Enquirer: 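Here it is, the structure, as structure tokens.
What you see is a predicted model, and the numbers here were worked out from it, not measured in a lab. Every number for a ligand or one of its atoms is a count from 1 in the order of the listing. Note that these values count all heavy atoms, side chains included, but never hydrogens, waters or copies made by symmetry.
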Amino acid sequence: MNILLLGSGGREHALAWKIKQSKHCNQLFIAPGNPGTATIGENIAIDLLDFKAIADCCREKDIHMVVVGPEDPLVQGIYDYLTADVSLADLIVVGPSAEAAQLEGSKAYAKAFMERHGIPTAAYKEFTKDNFEEGKQYIQQHGLPIVLKADGLAAGKGVVIAHSHEEALTAFEEMILEAKFGQASAKVVIEQFLKGVELSVFALTDGHDYVLLPEAKDYKRIGEGDKGLNTGGMGAVSPVPFAQGEFMDKVVEKVVKPTIAGLRSEKLTYHGFVFFGLINVEGEPFVIEYNCRMGDPETEVVMPRLSTDLVELFISMSQHTLGTQSVTFHENAAATVVLVSGGYPEAFEKGKVIRGLGASFSDFTLIFHAGVKQSGEQLLTNGGRVLAVTSYGNDISSAVERSIAAIQHIQYDRKYFRSDIGYEFRS
Ligand code: AMP
Ligand code: GLY
């Protein structure tokens, strides 16, 4: 079948790499894609929120499956738009309905969902300008640190972890009174701080059954030793050594199964990935967030570790046979180290010439483009996150070391990366 993948980052390059290996994939189109995806399939210049253009493209290119990479089109209803189009009756859309995508699109919606289904998460309360004064009192009585979250999508920037009551009050005022994140912060969730190690668990579901993909851990802070500002993700590793045995059983029994059962009992239409952002608090899993898509840069290690044909899983999802599917993973570890633009996640310059991508890299290394632009013969930096360099290894240490060795061949002005990805698990 012909497949259309939506998105343009490292996640989509990794998805394209995996999808193209499927025996079910004939032509692969990526909209809008990047220079990396252009080496795998055909890029098409369409805006991700132009649903009509996407539907037209499906008709024109005889597309039978649309895989949605990022959250924005999902939260804005691309699933509902495409599945309502009678001329696209056989189309398989990988992603939840707009209603179910609220699990990512609204923190308050996700918290209420978890409360209804007894899923472990931090205690919380939600506030708007209507109960603003109550919110201020709540903050003053709250133990430290205090976690404040803009309710809506804020490109990963809507979370503040305040270490004093003054800082929390300032952030609260900025979000609600000054609309720091626009409409996304008209409502704010204030929650208890959880201390532990985070991990990302991924399921593919049809809203009834599910399969689990390899888990991963991402490294969000800009600085080594997890210091400094939050970014979109500086690297990731898979497997996560503590995600096994009793702990993983708890993740399945206390988080994954109740979530899928909740989708079912609430009749939410969900045909896609569920990303469980978890934290391990002394052996107990808690949900920090749901996302309605794969993670970035987690996908850059999850796809390389997945042996099962991904398109076959999508077909199985559409036929409601996921319950009988087995998923196999490569035994090897995978690690990805993200190369970013100097200055990121604050102001940075784009348009720097990238050299060295033609080097002969190890067979165990994959280079995924994140923020890269083609300009004539040259590749230029085009974002904060520029490339994700993934390697396989016998263990996490050797995978990370291989990526770092590959990175030495790649040059651009003010290149920066973290050399300590996976540090907790390295020997
Ligand atoms: P989110 O945008 O929800 O992924 O939050 C961004 C980051 O903030 C998470 O990856 C965590 O590191 C941190 N965080 C969010 N909620 C909490 C919490 N309740 N306790 C501790 N850390 C949190
Ligand atoms: N790596 C975290 C995310 O994709 O949201």
Enquirer: Write none if no such pair exists; otherwise list each N/O atom of ligand 1 with its protein N/O partner under 3.5 Å and the distance.
Expert:
| unit_1 | atom_1 | unit_2 | atom_2 | d |
| --- | --- | --- | --- | --- |
| ligand 1 | 3 (O) | K107 | NZ | 3.1 |
| ligand 1 | 3 (O) | E289 | OE1 | 3.4 |
| ligand 1 | 4 (O) | E289 | OE1 | 3.1 |
| ligand 1 | 4 (O) | E289 | OE2 | 2.8 |
| ligand 1 | 10 (O) | E198 | OE1 | 2.8 |
| ligand 1 | 10 (O) | K220 | NZ | 2.9 |
| ligand 1 | 12 (O) | E198 | OE1 | 3.4 |
| ligand 1 | 12 (O) | E198 | OE2 | 2.4 |
| ligand 1 | 16 (N) | K149 | NZ | 3.0 |
| ligand 1 | 16 (N) | E191 | OE2 | 3.4 |
| ligand 1 | 19 (N) | E191 | OE2 | 2.6 |
| ligand 1 | 19 (N) | Q192 | O | 3.0 |
| ligand 1 | 20 (N) | L194 | N | 2.8 |

Enquirer: Can you list every pair that meets side chain to side chain donor-acceptor pair (under 3.5 Å) and has a residue in residues 201-218, with sequence neighbours left out?
Expert: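 Sorted pair list: D206-H320, K217-E424.
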Enquirer: If we only count N/O pairs under 3.5 Å, is E298 in contact with ligand 2?
Expert: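 Yes.
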Enquirer: Checking ring-ring contact (aromatic ring centres under 6.0 Å, His included) for the pair F247/F242: CA distance, chi angles, key distance, verdict?
Expert: CA-CA 7 Å; F247 178 74; F242 66 81; 5.6 Å; yes
Enquirer: Below 4.0 Å, non-hydrogen atoms only: which portion of R293 touches ligand 2? Side chain, backbone, both or neither.
Expert: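 Within the 4.0 Å criterion, R293 contacts ligand 2 through side-chain atoms alone.
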Enquirer: Does atom CD (E312) have a neighbourhood of more than 12 heavy atoms from anything else shown, all under 6.0 Å?
Expert: yes
Enquirer: Let's go through F273 and F314 carefully: what are the C-alpha distance in whole Å and the side-chain angles of both, what is the deciding distance for ring-ring contact (aromatic ring centres under 6.0 Å, His included) to 0.1 Å, and is it a yes or a no?
Expert: CA-CA 10 Å; F273 296 110; F314 292 153; 5.7 Å; yes
Enquirer: Quick one: look up the protein heavy atom nearest atom 2 (C) of ligand 2 and list residue, atom name and how far away it is.
Expert: D218 OD2, 3.5 Å
Enquirer: Do F172 and F132 have ring centres separated by under 6.0 Å?
Expert: yes
Enquirer: Can you pull out every side chain to side chain donor-acceptor pair (under 3.5 Å) where at least one residue sits in residues 92-119? Sequence neighbours excluded, please.
Expert: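 For residues 92-119: E104-R293, S106-D151, K111-T121, K111-E191, R116-E266, H117-E266.
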Enquirer: Which ligand 2 atoms, with their elements, are less than 4.0 angstrom from a heavy-atom of G295?
Expert: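 Going through ligand 2 atom by atom, the ones under 4.0 Å from G295 are 4 (O).
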Enquirer: Does anything in residues 224-237 form a side chain to side chain donor-acceptor pair (under 3.5 Å)? List the pairs, not counting sequence neighbours.
Expert: E224-S419, D226-R418, D226-Y423
Enquirer: May I have the step-by-step check of side-chain hydrogen bond (donor to acceptor under 3.5 Å, both in side chains) for S398 and D395, ending in yes or no?
Expert: CA-CA 6 Å; S398 64; D395 54 20; 3.0 Å; yes
Enquirer: Is the shortest distance from a heavy atom of R11 to ligand 2 less than 4.0 Å?
Expert: no
